[in-house]
Amino acid sequence: MKRTHYCGELRAKDEGRDAIVMGWVHRRTGLVQVVFNKERQAAAHAKAEQVRSEFVVAVEGKIVKRQKANPELASGEIELVAMKLHTLNNAKTPPFAIEEEINAAEETRLRFRYLDLRRPKPHRNLALRHKIILEMRKVMDELGFIEVETPMLTRSTPEGARDYLFKQILMISGFDKYFQIVRCFRDEDLRADRQPEFTQLDLEMSFPRQEDIFHVIETVMVRACGVAGIKVAAPFPHMLYMDVIRKYGSDKPDLRFGMELHEVRSCFPEEAKQKLQMEGNVFALAAPGAAGYSRKQLDDLTEKAKALKARGAYFVKVTPEGLTSTVEKMIGAENVKKLAEACGAKPGDLVVAVSAKEQIKGTEAAALIAGQLRLQLGEALNLIDKSQWKFLWITGFPLFEWSETDKTWVSAQHPFTGIVDEDLEKLESAPWEVRSKGYDLVLNGYELGSGSIRIHRQDIQERLFKALGLSEEQLRRRFGFFLEALTYGTPPHGGIALGVDRIAMLLSGEKSIREVIAFAKTTAAQDLMADSPSEVDPGQLDELGLAVKPEVKKAAE
RNA sequence: GGGGACGUAUUUCAGCUGGUUAGAACGCUGCCCUGUCACGGCAGAGGUCGCGAGUUCGAGUCUCGUCGUCCCCGCCA
């Protein structure tokens, strides 16, 4: 018995044909209606009585036109009159109905992933992901890149350095344009847009100008969006890192709405700062239409700001009748007015100001916290135009950032990132002023990728490693082979890596990367279906000469 | 490591200020009806209220701990 048609493909034009279809019995999202006539096909009818939801069946029959068409169904003009019914397999009652709309907790969906994936939406998402990746490969091939695989198993390097070492070495080897769509692994805590294993479009090219790399990526993204039926225009706009932080309080700003930040420290006189126990800078924004926010809503914003380590949050309500502020007594009517004006607030707006002492990654925490509130308010006030696709290149990153945990300067991106030529002399004397040749690609508030023009001269690479505090000995031990390779005629080169899962997520209209990864993990990095990670058989450990140490619980005080 | 939300029947949820036999819908089982497509009708099964302590005459409800899922901060060289 051979399947002749897909259920979902049958249409009015097939009327009168004999057909054999195979598939699952979905009682609610059936793709083709099958009819069993009690008199004429008594045997099949009797058998059909035994069939339950999610049974796997084959039906032999004839396509006929329906008496009454069902416009809800793609195959709604016809139905299949069953002559014979074969049960190919039975099925337990599933824990949730297999239908378009998700009706189960994510925990249940992940545990029964095979049933979750049986729904039409995961099929659409994974098919789109496939088409996007296929298009990426096509574009890269058209642009003269060749895909080269690099080792996953290699010597110990600082985490992630592996990826850079090998693709840079391919440049030294004259490959000129390399790319790879490849699985990456990272040991970080998870998020809606982060999984411990994910896929990148990684590329590297020789003799590039920054704009050459941008052009390649813009071509890739325009074409990938095209696959999803989304039209975007290239080139993408550029902004400096310092400017996005100050304007949007984020290194991955969502440009689908405005509500920019303003530095308003000068609106707070010294004595007010003392009374309010303010420290550090103050950033503010004007939230359109939020002047009517209740006390509770303001409290919630304050609480959110404080949870993000803000010193405080201060509000000005702008109404046609005038200004009212939670800090009017502290800063005076004149400064309240100045504050509202600084944010360009109009009647109906709510001005939200945030102060914070600390610096995060060398940037003012107040700006970053205000940036978080901007996102929350943008969502709450429905300011985000979901039909927009706002790409942005960010450049001008600092080369180093201060690590509070290590009390030292560390690479903001990675230690192979190129250094802006005129800043080279400050490498030892004023490292915090040195700018890198790194760049990020951002879409709608998500970081899609990050790259740089690399260091290609051995002497500069060595100077950088030393500026990072690596000793000659550490340097030889960890990067010896790489530094040696650099001495054999390394061309200028640079590249970038894009997060394929995030791209697939955004182009599918999903809010979580898990919706475009077939076998996704929980935020604790567990696979609820396979029950992984799991204990390893002692014999397997013995073979490798490994022992598992029991977890050491912190002693109680 | 920190903050927040959630955890009650197969599933999705309700359960007010603690009070007697813990409810609904979906699904499931049986019967009936039936050219239906969210079919309809009747009957029924199904619950350690995540787990463990505590407070109380009495805990699904309050407190603490713990486990799990999700969101966020830190982290993402």
Side-chain angles (χ1 to χ4, degrees), chain A residues 26-38 48-49 52-54 64 66-73 75-77 79 81 92-112 115-116 157-165 184-196 198 251-252 300 303-310 356 358 360-361 365 368-369 371-373 375-376 379 400-401 403-406 409-417 438 440 447 450 468 470 478 499 502 511-512 514 520-526 528 553-554 556:
Chain A
H26 302 305
R27 297 189 62 191
R28 305 176 75 142
T29 57
L31 291 170
V32 70
Q33 174 160 273
V34 180
V35 185
F36 298 90
N37 187 287
K38 202 170 186 173
E49 300 244 286
R52 293 288 176 270
S53 201
E54 299 308 318
V64 301
R66 289 207 201 188
Q67 296 169 359
K68 237 193 297 173
N70 180 356
E72 309 266 309
L73 219 56
S75 63
E77 287 187 56
E79 61 192 6
V81 175
K92 291 209 296 188
T93 303
F96 51 85
I98 314 293
E99 52 196 354
E100 174 69 27
E101 281 309 310
I102 310 165
N103 197 19
E106 188 149 14
E107 196 171 348
T108 316
R109 294 176 52 206
L110 288 172
R111 182 154 135 58
F112 298 94
L115 298 179
D116 188 36
T157 57
E159 199 176 338
R162 182 194 78 219
D163 323 348
Y164 289 92
L165 297 178
C184 305
F185 310 93
R186 290 286 146 88
D187 182 16
E188 308 149 15
D189 286 346
L190 275 54
R191 287 283 193 287
D193 63 348
R194 273 198 229 156
Q195 287 267 300
F198 60 101
D251 58 0
K252 44 180 165 61
D300 286 348
E303 204 171 305
K304 163 99 176 175
K306 291 205 165 157
L308 295 167
K309 305 261 161 62
E358 285 163 44
I360 299 172
K361 289 190 173 184
L368 300 182
I369 295 162
Q372 296 283 345
L373 297 184
L375 288 178
Q376 184 179 314
E379 189 70 45
F400 298 107
E401 61 191 36
S403 167
E404 204 49 53
T405 42
D406 302 335
W409 294 97
V410 297
S411 287
Q413 204 196 8
H414 60 73
F416 316 111
T417 307
D440 276 4
E447 187 198 308
S450 182
L468 287 168
L470 268 80
R478 291 164 77 172
R502 285 185 189 169
K511 286 203 164 61
S512 166
R514 293 186 297 274
K521 293 178 174 59
T522 70
T523 48
Q526 292 193 305
L528 298 179
K553 289 260 157 86
K554 251 189 257 172

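What you are looking at is a predicted structure, and each value in this text was computed from that prediction instead of being measured. First the proteins, then the strands, lettered A, B, ... as listed; each starts at 1.
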Report task. For nucleotides B:U63 and B:G1, find the distance between their C1' atoms and express it as a whole number of Å. Result -> 25 Å
Side-chain atoms of A:Val35 come closest, of B:G35, B:U69, B:U12, to B:G35
Assert: residue with more 5' nearest nucleotide on RNA chain B, out of A:Pro415 and A:Gln526, is A:Gln526
In Watson-Crick or G-U wobble terms, with both distances under 3.5 Å, the base opposite B:A45 is none
Mate of B:U56 across any strand shown (Watson-Crick or G-U wobble, both atom pairs under 3.5 Å) is none
Inset, instruction - Classify the nucleic acid contact of A:Arg514 as base, sugar-phosphate or nothing, counting any heavy atom under 4.0 Å across all strands shown. - result: sugar-phosphate
Query - B:C28 OP1/OP2 closer than 4.0 Å to side-chain N/O of A:Thr93 - result: no
field: hbond_proxy A:Arg191 side chain to B:G74 base (donor-acceptor, 3.5 Å cutoff)
entry: yes
Atom CG of A:Asp187 and atom P of B:G74 are separated, to the nearest Å, by 17 Å
| Span that lies between the C1' atom of B:U17 and that of B:U36, in whole angstrom | 50 Å
Out of B:C76, B:G35, B:U12, minimum distance to the side chain of A:Ala104 belongs to B:U12
Checking B:U36, B:U12, B:C71 against the side chain of A:Ala192 (C-beta onward), the nearest is B:C71
Worksheet item: Think A:Thr108 has a side-chain N or O under 4.0 angstrom from the OP1 or OP2 of B:U12?
Response: yes
When rounded to the nearest 0.5 Å, the distance separating CD of A:Gln413 from OG of A:Ser450 is 3.5 Å
Between CG of A:Asp189 and P of B:G1 the distance, given in whole Å, is 9 Å
To the nearest angstrom, the CD-P distance between A:Glu54 and B:C26 comes to 19 Å
In whole angstrom, give me the gap between the P atoms of B:C57 and B:G44. 40 Å
Paired to B:G18 by Watson-Crick or G-U wobble criteria (both distances under 3.5 Å) is none
| query | Which whole number of Å gives the distance between the P atom of B:G15 and that of B:G23? | reply | 15 Å
Go through the steps for A:Phe36 and A:Val81 under the test side-chain contact (heavy atoms from CB on, under 4.5 Å), then give the verdict.
CA-CA 6 Å; A:Phe36 298 90; A:Val81 175; over 6 Å; no
**Asked** Looking for any heavy atom pair under 4.0 Å, which part of the strands does A:Lys68 touch: base, sugar-phosphate only, or nothing?
**Response** base
When rounded to the nearest 0.5 Å, the distance separating OG of A:Ser75 from CZ of A:Arg66 is 6.5 Å
Rounded to whole Å, the CZ-P distance (A:Arg194 to B:C72) equals 9 Å
From the candidates B:G35, B:C71, B:U69, the one with an atom nearest any side-chain atom of A:Ser512 is B:C71
Under 3.5 Å donor-acceptor, A:Arg502 side chain and A:Glu447 backbone: yes
CZ (A:Phe96) and CG (A:Asp116) are apart, to the nearest 0.5 Å, by 5.0 Å
note: A:His26, atom NE2; B:G27, atom P; distance rounded to Å ~ 16 Å
Check: Taking the C1' atom of each, how far is B:G7 from B:C75, in whole Å?
Finding: 28 Å
Separation of B:G2 atom C1' from A:Lys304 atom NZ, nearest Å, is 14 Å
Ranking A:Phe96 and A:Asp193 by the position along RNA chain B of their nearest nucleotide, the one closer to 5' is A:Phe96
Between CD of A:Glu107 and P of B:G7 the distance, given in whole Å, is 12 Å
pair_partner(B:C6), Watson-Crick or wobble, both distances < 3.5 Å, evaluates to B:G68
Inter-nucleotide C1' distance (B:G68, B:U8), Å rounded:
15 Å
Taken to the nearest whole Å, NZ/A:Lys309 to C1'/B:G1 is 10 Å
To the nearest 0.5 Å, atom CG of A:Leu115 lies from atom CZ of A:Arg109 at 11.5 Å
A:Gln67 has its side chain closest, among B:G3, B:C71, B:G35, to B:G35
Original post:
Does A:Gln372 make a side-chain N or O approach to OP1 or OP2 of B:C73 shorter than 4.0 Å?
Top reply: yes
- Message: Any base atoms under 4.0 Å from A:Asn103, or only sugar-phosphate, or nothing? Heavy atoms, all strands.
- Response: sugar-phosphate
Item to check | Sugar-phosphate, base or nothing in reach of A:Phe416, heavy atoms under 4.0 Å | outcome: base
For B:C33, the nucleotide meeting Watson-Crick or G-U wobble distances (both under 3.5 Å) is none
From the list A:Gln195, A:Arg514, A:Gln526, side chain to side chain contact (heavy atoms under 4.5 Å, CB included) with A:Lys521 holds only for A:Gln195
In Watson-Crick or G-U wobble terms, with both distances under 3.5 Å, the base opposite B:U61 is none
*Between B:U48 and B:U11, how far is it from one P atom to the other, in whole Å?*
12 Å
All heavy atoms of A:Asn103 vs all of A:Glu99, minimum pair found to be ND2-OE2, 4.3 Å
In whole Å, what separates the C1' atom of B:A53 from that of B:G41? 50 Å
Can you find a donor-acceptor pair, distance only, under 3.5 Å between A:Glu303 side chain and B:G4 base?
-> no
